[in-house]
Amino acid sequence: SNTPRLEESVTTATDAYSACEGAHALAILTEWDEFKELDYEKIYASMMKPAFVFDGRNILDHDKLREIGFEVHAIGKPDPLAFDDL
């Protein structure tokens, strides 16, 4: 193998919900519809806090995620909490 002990360093999951359990952050890196339809309240409840969302495709409802309690960072968009003129 080109990467010794890779399996010790990478954790896989069978679904998005189990992948997020105990995590501090989740990253959306594709525009797949399944990520738009997840139960983000359920995900938030299972994550460590603070819980972060990094939306690399800008496909999620950021206002709703913030209402749930996530700290949301959208790639290519300014943070509306950091600027009062947005």
Side-chain angles (χ1 to χ4, degrees):
S1 167
N2 291 344
T3 311
R5 300 192 320 258
L6 176 64
E7 291 177 5
E8 297 172 20
S9 303
V10 176
T11 303
T12 60
T14 57
D15 61 73
Y17 297 104
S18 60
C20 292
E21 285 180 20
H24 274 289
L26 66 91
I28 303 297
L29 303 175
T30 181
E31 295 173 9
W32 293 352
D33 287 339
E34 73 181 270
F35 296 113
K36 298 176 191 175
E37 300 166 2
L38 294 172
D39 181 345
Y40 284 96
E41 289 183 18
K42 178 179 176 179
I43 289 173
Y44 181 79
S46 76
M47 293 178 70
M48 300 287 292
K49 308 303 184 285
F52 300 87
V53 172
F54 296 94
D55 185 359
R57 306 306 299 162
N58 292 305
I59 63 168
L60 302 178
D61 183 337
H62 301 151
D63 291 334
K64 182 173 182 181
L65 291 170
R66 287 184 180 100
E67 286 176 16
I68 292 169
F70 284 103
E71 183 172 320
V72 180
H73 298 276
I75 308 305
K77 288 187 171 184
D79 182 350
L81 302 178
F83 300 94
D84 59 7
D85 60 347
L86 294 177

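Quick caveat, the model's predicted, so the values are computed rather than measured.
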Exercise for the section: Kindly give the heavy-atom pair with the smallest separation between A74 and H62, and that separation in Å. Expected result: CB-CE1, 3.3 Å
Exercise for the section: Tell me, yes or no, whether the heavy-atom count around E34 atom CD, taken from other residues, nucleotides or ligands under 6.0 Å, exceeds 12. Expected result: yes
Problem - Cationic tip of K64 above F70 ring, under 6.0 Å, 45° of axis - result: no
Handout entry: Cluster link W32 to I28, ILVMFWY, side chain under 4.5 Å
Key = yes
Problem - Single-linkage hydrophobic cluster F52~I59, side-chain heavy atoms < 4.5 angstrom - result: no
Practice task
Please say whether more than 12 non-hydrogen atoms of neighbouring residues, nucleotides or ligands are located less than 6.0 Å from NZ in K42.
Solution key: no
Fill in the blank from the handout: Of L26, I43, L60, the one forming a side chain to side chain contact (heavy atoms under 4.5 Å, CB included) with L38 is I43
Handout entry: Sequence neighbours excluded - salt bridge (Lys or Arg N to Asp or Glu O under 4.0 Å) pairs with any residue from residues 51-61
Key = E31-R57
Practice task
Starting at CG of L65, measure out to NE2 of H73 and round the result to the nearest 0.5 Å.
Solution key: 12.0 Å
Handout entry: Any donor-acceptor N/O pair, Y17 side chain to S46 backbone, under 3.5 Å
Key = no
Exercise for the section: Look at the side-chain heavy atoms of Ile, Leu, Val, Met, Phe, Trp and Tyr, link any pair under 4.5 Å apart, and say whether M47 and L29 land in one connected group. Expected result: no
Handout entry: S18 to A13 - nearest heavy-atom pair and separation
Key = OG-CB, 3.5 Å
